Amino acid sequence: MRTAGLRPDDVVLEVGPGLGSLTLGLLPAAAAVTAVEIDPRLAALLPATVAGRRPDLAGRLTVVEADALRVTELPGAPPTALVANLPYNVAVPVLLHLLELLPSLRRALVLVQAEVAERLAAPPGGSAYGVPSVKAAWYGEVRRAGAVGRRVFWPEPNVDSGLVALDRRPPPPGDRAATFAVVDAAFATRRKGLRAALARWAGSAAAAEARLRAAGIDPATRGEQLSVTDFARLAATDPVAP
């Protein structure tokens, strides 16, 4: 809980609470916990587990039986912190969906596969930097918050895990959807320079070069060299006739 930096007035969103081991740790540290669980059996058991272990805190818990990737609204007060052991196969989409859906989230601490943690927190310029890195950076400052070995889990998974922390900050000037479209295009063929990689996005290689130069970006640069602010500035340039 110390790593999550929770305050007594926080409303915590937990995804995939399972049997409730993390939930029981969150309840004393926050004003309320909203737990989103896709498995109907686990969703039904969680309130009883909390009532049995911590009856004094049972009133702080709200369980929502839903797929976190498809949630469009949540009951109760808007959550201010996301603390979750995210399902590894959908960790990035779930994180990005919740950050976009819930601007009230001031910070997040999520446990993901170690490789995903590296990608989410990677700075521009490295081989791990890519689409998850840029899109997460749209919402806040992202950093690695620790490593978790596979032996702490039962059953033991085949991969190591990592904690990723995000502190919300205002996004760069620009349109999120337009910026993300450029990001997707730039990393679809990441070995190419942006003039070639963005040809389809811009309408032609020449149009891509014109927009890159308008944004003050060298057309020979690769996507991994650009920050989220660079991508937002590029997305905001005027379309050019192919």
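What you see is a predicted model, and the numbers here were worked out from it, not measured in a lab.
Closest approach of Val50 to Ala58, counting heavy atoms only: CG1-CA, 3.8 Å. Contact record, Thr179 with Trp138: OG1-CZ3, 3.7 Å, taken as the closest heavy-atom pair. The two residues Leu198 and Ala208 make their nearest non-hydrogen contact at O-CB, 3.7 Å. Between Ala232 and Pro173, the closest heavy-atom pair is CB-O, 3.4 Å. Heavy-atom minimum distance, Leu109 versus Ala145: CD1-CB, 3.9 Å. The shortest heavy-atom contact between Pro17 and Ala35 is CG-CB, 3.7 Å.
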For a side-chain hydrogen bond (donor to acceptor under 3.5 Å, both in side chains) check, start with the C-alpha distance between Glu14 and Thr23, then their side-chain angles and the critical distance, and finish with the verdict. CA-CA 8 Å; Glu14 183 186 4; Thr23 313; 2.6 Å; yes

Check the pair Val131 / Asp184 against side chain to side chain contact (heavy atoms under 4.5 Å, CB included), numbers first and verdict last. CA-CA 7 Å; Val131 172; Asp184 289 336; 3.7 Å; yes

Take Thr80 and Leu105 through the test side chain to side chain contact (heavy atoms under 4.5 Å, CB included) and record every step on the way to the result. CA-CA 4 Å; Thr80 57; Leu105 289 173; 5.9 Å; no

Give the C-alpha distance, both sets of side-chain angles, the deciding distance and a yes or no for side chain to side chain contact (heavy atoms under 4.5 Å, CB included) between Val110 and Leu163. CA-CA 6 Å; Val110 295; Leu163 285 167; over 6 Å; no

Run the numbers on Tyr129 and Val134 for side chain to side chain contact (heavy atoms under 4.5 Å, CB included), then give the verdict. CA-CA 8 Å; Tyr129 185 72; Val134 184; 3.3 Å; yes

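Contact annotation: the side chain of Leu166 approaches that of Leu99 to within less than 4.5 Å [non-hydrogen atoms, C-beta and beyond]. At a threshold of 4.5 Å between non-hydrogen side-chain atoms, the residues Val11 and Pro78 do not count as touching. Looking at Glu65 and Ile38, their side chains never come closer than 4.5 Å, going by heavy atoms from C-beta outward. Between Asp230 and Leu234, every side-chain heavy-atom pair lies at or beyond the 4.5 Å cut-off. Residues Leu86 and Leu111 have side chains not in contact (no heavy-atom distance under 4.5 Å, counting atoms from C-beta outward). Counting only heavy atoms from C-beta outward, the side chains of Gln225 and Leu194 never approach each other to under 4.5 Å. The closest side-chain heavy-atom distance from Leu82 to Val12 is not below 4.5 Å.
Checking side-chain atoms of Asp10 against main-chain N and O of Arg7 turns up a donor-acceptor pair under 3.5 Å. Remark: side-chain polar atoms of His97 are paired, donor with acceptor, to backbone N or O of Val71 under 3.5 angstrom. Checking side-chain atoms of Asp39 against main-chain N and O of Arg41 turns up a donor-acceptor pair under 3.5 Å. No donor-acceptor pair closer than 3.5 Å links the side chain of Ser133 to the backbone N or O of Ala121. Listed for the Arg60 side chain is a donor-acceptor partner under 3.5 Å among the backbone atoms of Leu27.
In the hydrophobic cluster analysis, where Ile, Leu, Val, Met, Phe, Trp and Tyr join through side-chain heavy atoms closer than 4.5 angstrom, Leu24 is grouped together with Leu61. Transitive grouping of hydrophobic side chains (ILVMFWY, heavy atoms separated by less than 4.5 Å) keeps Val116 and Val83 in distinct clusters. Hydrophobic clustering places Val142 together with Leu102 (ILVMFWY residues linked when any side-chain heavy atoms are closer than 4.5 Å, directly or through intermediates). By the rule that hydrophobic residues join a cluster once side-chain heavy atoms approach within less than 4.5 Å of another member, Val90 and Leu96 end up as members of one cluster. The cluster map of Ile, Leu, Val, Met, Phe, Trp and Tyr, joined by side-chain heavy atoms under 4.5 Å apart, puts Trp201 and Ile217 in the same cluster.
Test Lys192, Arg191, Arg190 against Glu224 for salt bridge (Lys or Arg N to Asp or Glu O under 4.0 Å) and you get one pass: Arg190. Applying salt bridge (Lys or Arg N to Asp or Glu O under 4.0 Å) to Glu100 and the options Arg168, Lys135, Arg176 leaves one that passes, Arg176. Results of the side chain to side chain contact (heavy atoms under 4.5 Å, CB included) test with Val36 over Val63, Thr62, Leu69, Leu74 single out Leu74 as the only residue that passes.
For the pair Glu118 and Arg144, the salt-bridge criterion is not met [side-chain N within less than 4.0 Å of a carboxylate O]. Between Arg211 and Asp238 no salt bridge is recorded (no basic side-chain N to carboxylate O distance below 4.0 Å). Electrostatic pairing of Asp218 and Arg213 does not count as a salt bridge here, judged by no charged N lying under 4.0 Å from a carboxylate O.
Within 6.0 Å of CG on Leu101 lie more than 12 heavy atoms contributed by other residues, nucleotides or ligands. Atom CZ of Arg169 is surrounded by more than 12 heavy atoms from other residues, nucleotides or ligands within 6.0 Å.
Rounded to the nearest 0.5 angstrom, Leu95 CG and Leu120 CG are separated by 6.0 Å. We find the CD-CG distance between Glu37 and Leu46 to be 8.0 Å, quoted to the nearest 0.5 Å.
Remark: Arg233 fails to qualify as a cation-pi partner of Phe231 under the 6.0 Å distance and 45° angle criteria applied to the six-membered ring.
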